[in-house]
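Below is one structure, written out as structure tokens, with a few remarks after it.
Excluded from the calculations below are hydrogen atoms, water molecules and symmetry mates; all remaining heavy atoms, backbone and side chain alike, are included. Order of the sequence lines fixes the chain letters, A, B, ..., with proteins taken first and strands second; residue numbering starts at 1 for each chain. A quick note: this is a predicted structure, and the numbers were derived from the prediction, not measured.
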Protein chains: 2
Amino acid sequence: PVDTVQWSAEEAELGGFPHYMLKEIHEQPGRVADELRRVLRSEEGTVEFDSLAPHLDELASMRRFILVACGTSWHAALAGEYLIENLAGLPVEVECASEMRYRQRPFEEGTLVIAISQSGETADTLAATRLARQQKVRTLALVNVVGSTLAREADWTLYMRAGPEIGVASTKAFTMQLLQLTLLALWLGRRRGTLSRSEGRRIARALKAIPSRMQRILAAESRIVRLAKKYYRFTDFLYMGRQYNFPIALEGALKLKEISYIHAEGYPSAEMKHGPIALISPEFPSVFVIPRDALYEKNLSNLEEIKARNGPIIAIATAGDREIRKKVDDVIYIPPTLDCLQPLLTVLPLQLFAYHVALLRGCDVDKPRNLAKSVTVE
Amino acid sequence: PVDTVQWSAEEAELGGFPHYMLKEIHEQPGRVADELRRVLRSEEGTVEFDSLAPHLDELASMRRFILVACGTSWHAALAGEYLIENLAGLPVEVECASEMRYRQRPFEEGTLVIAISQSGETADTLAATRLARQQKVRTLALVNVVGSTLAREADWTLYMRAGPEIGVASTKAFTMQLLQLTLLALWLGRRRGTLSRSEGRRIARALKAIPSRMQRILAAESRIVRLAKKYYRFTDFLYMGRQYNFPIALEGALKLKEISYIHAEGYPSAEMKHGPIALISPEFPSVFVIPRDALYEKNLSNLEEIKARNGPIIAIATAGDREIRKKVDDVIYIPPTLDCLQPLLTVLPLQLFAYHVALLRGCDVDKPRNLAKSVTVE
């Protein structure tokens with residue numbers, strides 16, 4: 001097949017930004033908008049996947065999914081699990097590639113393995129995909145780099161279309177992974193009938209509003225700079241979220257680890273009572289991803305337990321939520337959207353926060369110590 | 001059914017130990033030995049589950065398992081996944097209870113949900129079990145407390161038989177969860193024919209040697225006290241392991257969090273290259289669970305990358321492994337056993353390490369701040 005993803009030379013340059021990471025953070029609304037224009041069929045409330053066109057019947061016949069990845073891509077996979085289960089009613093498992101590849105994991109009939117890797121060269125993800133292929137399981141590569149090994153070896157390929165990502169800490173590749181998994185879940189839901197046309201149109205409408213909402217978050221960067229100045233001296237953070245935002249808590253924590261060398265750890269909000277809450281003190285801040293979604297009240301009660309132990313809290317909350325101000329130390333507001341699209345917005349302030357904290361700590365944002373852009377060794 | 005688990009009054013007393021946690025750590029060999037005597041059928045290389053006797057045919061007909069739990073029990077579930085997949089060839093998924101209960105997770109036919117909770121009262125685990133029951137899915141409770149809500153509500157019950165656990169940080173309940181899941185995997189493997197009689201006998205023989213090997217680890221406590229003295233002032237730790245020992249890395253880190261308020265985080269060894277390695281410095285020690293198993297060489301290459309960044313390393317390694325001494329700062333040796341039984345041994349030094357570090361830091365080991373023994377709220 002002819003691969004039609006085009007990258008221009010200037011895309012790989014800084015274009016006035018001080019770092020690739022910041023440039024790539026700011027590219028996210030444009031990348032999402034371009035992709036939505038390309039594939040979203042708003043009238044029908046569905047998606048057109050050109051690269052998968054010859055395989056759509058087989059794709060629709062899949063009965064379960066295994067999403068396999070490492071690092072940031074593994075976080076996108078976790079969000080993909082919720083998306084596909086909730087929108088398409090199909091069971092999904094997420095596997096850490098380095099663990100899956102050495103197990104005697106039985107593959108049931110009707111399983112599609114979706115391997116996610118920005119570079120398409122991640123050694124463990126490649127090996128896990130080969131293992132699945134040896135057992136005659138269908139594989140779909142979700143990659144950014146055209147012609148990469150994973151794209152060549154998998155049965156089918158879906159491109160992230162993030163454009164070249166130079167910063168070692170992944171940002172726009174992550175949101176494009178999220179977007180592609182959202183689109184896949186929407187397509188599956190519409191095709192399988194778990195989503196009606198009107199439900200599909202409602203999601204499509206909300207998707208089309210995402211780029212301008214992303215812009216609004218990025219436009220409020222100065223607020224995040226102020227927060228970074230307040231918090232950059234802390235050495236440990238807990239990040240929490242539920243459901244669609246649990247993977248975002250993991251991803252926000254990973255960004256802070258990668259570029260600012262702060263020990264940040266992500267957890268599903270409710271799990272903190274099973275141990276992590278013992279860490280909480282005025283020296284140990286928490287970041288709560290707590291938009292006004294179906295689990296807002298549950299999340300709030302977890303948040304209040306942290307506050308009762310005098311832990312400083314930054315909340316990522318929905319614009320208009322004034323109550324939350326009284327319960328936390330700082331709030332970053334994001335515009336409202338559907339629950340299933342929250343991750344596309346909530347991750348942005350966490351990327352910016354990590355970026356500005358790293359700058360204040362004098363870290364080399366684009367080339368963090370000890371890390372490589374693609375992990376091509378095991 | 002008549003519940004036959006008996007707890008005596010003196011079992012709930014300290015019996016000369018300074019803390020319940022230490023007493024319960026030292027009870028592990030005896031508890032494991034008692035249970036093996038009760039249920040192991042060494043000649044046949046299998047297990048006899050009296051409480052499940054009327055349901056064995058149905059149990060054997062199950063085609064997939066979902067293990068659901070919180071906290072420490074969730075770590076046992078992760079080890080259970082590897083055990084059941086490898087010994088019985090059946091697909092297993094592990095779910096965090098607080099996340100599963102709010103998802104529209106489809107349950108496929110032939111699914112058994114195994115809910116794991118020491119108290120049998122964990123609110124989120126109970127709710128997840130009720131969700132499964134509403135959808136007519138079979139449920140098995142793996143609990144310690146007889147007559148607990150989970151035991152009453154699930155279709156079938158398997159008792160951990162750990163005896164009363166008073167220390168807030170779970171130790172013997174965890175090893176008994178591991179043991180029961182190992183026994184279940186062995187029974188399933190023998191019954192389904194994925195394990196031959198001679199393979200079953202081999203595992204049974206290795207199981208019978210576990211209590212005395214546990215004793216040997218506990219007898220070397222003074223070595224762990226020395227290590228605790230060397231490391232207790234560090235504020236952050238990374239714990240790593242692969243396959244059967246990945247959940248043990250998580251559990252070792254959780255123990256340190258719970259009772260010493262040190263920010264310790266667990267990871268699958270190979271994932272560290274995708275971010276956590278940026279944290280490594282001479283101020284950030286790692287604990288590597290690296291017995292001589294099938295993945296020893298892979299684990300070793302991960303370990304060497306940490307060492308190259310000058311991170312102090314404590315290795316949990318197999319007795320006789322002299323090579324490892326040259327690569328790490330400190331070693332705790334454990335006796336050899338089969339790969340699938342490693343977790344029953346490797347977790348012990350990590351429990352003792354957390355205990356002694358907490359003592360040196362002046363923490364209240366049996367009643368850590370902010371934590372409750374059973375999390376009966378959401």
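For a residue to count as touching a neighbouring chain, one of its non-hydrogen atoms must lie under 4.5 Å from one of that chain's; by this rule A:F107 does not touch chain B. Neither the backbone nor the side chain of A:A253 comes within contact range of chain B; no heavy atom of the residue lies under 4.5 Å from a heavy atom of that chain. For A:K257, the parts sitting under 4.5 Å from any heavy atom of chain B are the backbone and the side chain alike. If you measure heavy-atom distances from A:L295 to chain B, the contacts under 4.5 Å come from the side chain alone. Only the side chain of A:R309 comes within contact range of chain B, with at least one heavy atom under 4.5 Å from a heavy atom of that chain. For A:F246, the part lying under 4.5 angstrom from a heavy atom of chain B is the side chain only.
Summarising the geometry of B:I277 relative to A:N370, their closest heavy-atom pair is O-ND2, 2.7 Å, with the distance given to 0.1 Å. Smallest separation of non-hydrogen atoms from A:D124 and B:A270: OD2-CB, 3.7 Å. B:P276 and A:L254 make their closest contact through CD-CD1, 4.4 Å (heavy atoms, listed as atom of the first residue, atom of the second, distance). The nearest pair of heavy atoms linking A:F237 to B:H263 is O-CE1, 3.9 Å.
Scanning residues 70-79 of chain B against chain A with a 4.5 Å heavy-atom cutoff picks out B:C70, B:G71, ordered by number.
Rounding to the nearest 0.5 Å gives a distance of 10.0 Å between SG of A:C96 and OH of B:Y267.
Among A:E258, A:R369, A:E305, the residue with the largest count of heavy-atom pairs under 4.5 Å with chain B is A:R369. Between chain A and the options B:S301, B:C363, B:A278, heavy-atom pairs under 4.5 Å are most frequent for B:A278. Of the listed residues B:V168, B:I280, B:T122, B:L238, the one with more heavy-atom pairs under 4.5 angstrom with chain A than any other is B:I280. Looking only at heavy-atom pairs under 4.5 Å with chain A, the residue among B:A308, B:A123, B:S98, B:P106 that has the most is B:P106.
A search for side-chain contact (heavy atoms from CB on, under 4.5 Å) contacts involving B:R63 returns B:E109, not counting sequence neighbours.
With a 6.0 Å radius and a threshold of 12 heavy atoms from other residues, nucleotides or ligands, A:K307 has its NZ atom above the threshold.
Residues B:T235 and A:T235 fail the side-chain proximity criterion, which asks for heavy atoms closer than 4.5 Å. Between A:E99 and B:E81, every side-chain heavy-atom pair lies at or beyond the 4.5 Å cut-off.
For residues 268-283 of chain A, every residue pair satisfying the side-chain hydrogen bond (donor to acceptor under 3.5 Å, both in side chains) rule, not counting sequence neighbours, is listed here: A:S269-A:N299.
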Would you give me the side-chain donor-acceptor pairs under 3.5 Å for residues 85-95 of chain A, sequence neighbours excluded?
residue, atom, partner, partner atom, Å
A:E85, OE1, B:R103, NE, 3.0
A:E85, OE1, B:R103, NH2, 2.6
A:E85, OE2, A:V92, N, 3.3
A:E85, OE2, B:R103, NH2, 3.1
A:N86, OD1, B:Q104, N, 3.2
A:N86, ND2, A:Y82, O, 3.4
A:N86, ND2, A:Y244, OH, 2.9
A:E93, OE1, A:R105, NH2, 2.5
A:E93, OE2, A:R105, NH2, 2.7
A:E95, OE1, A:R103, NH1, 2.7
A:E95, OE2, A:R103, NH2, 3.2
A:E95, OE2, A:R105, NE, 2.9

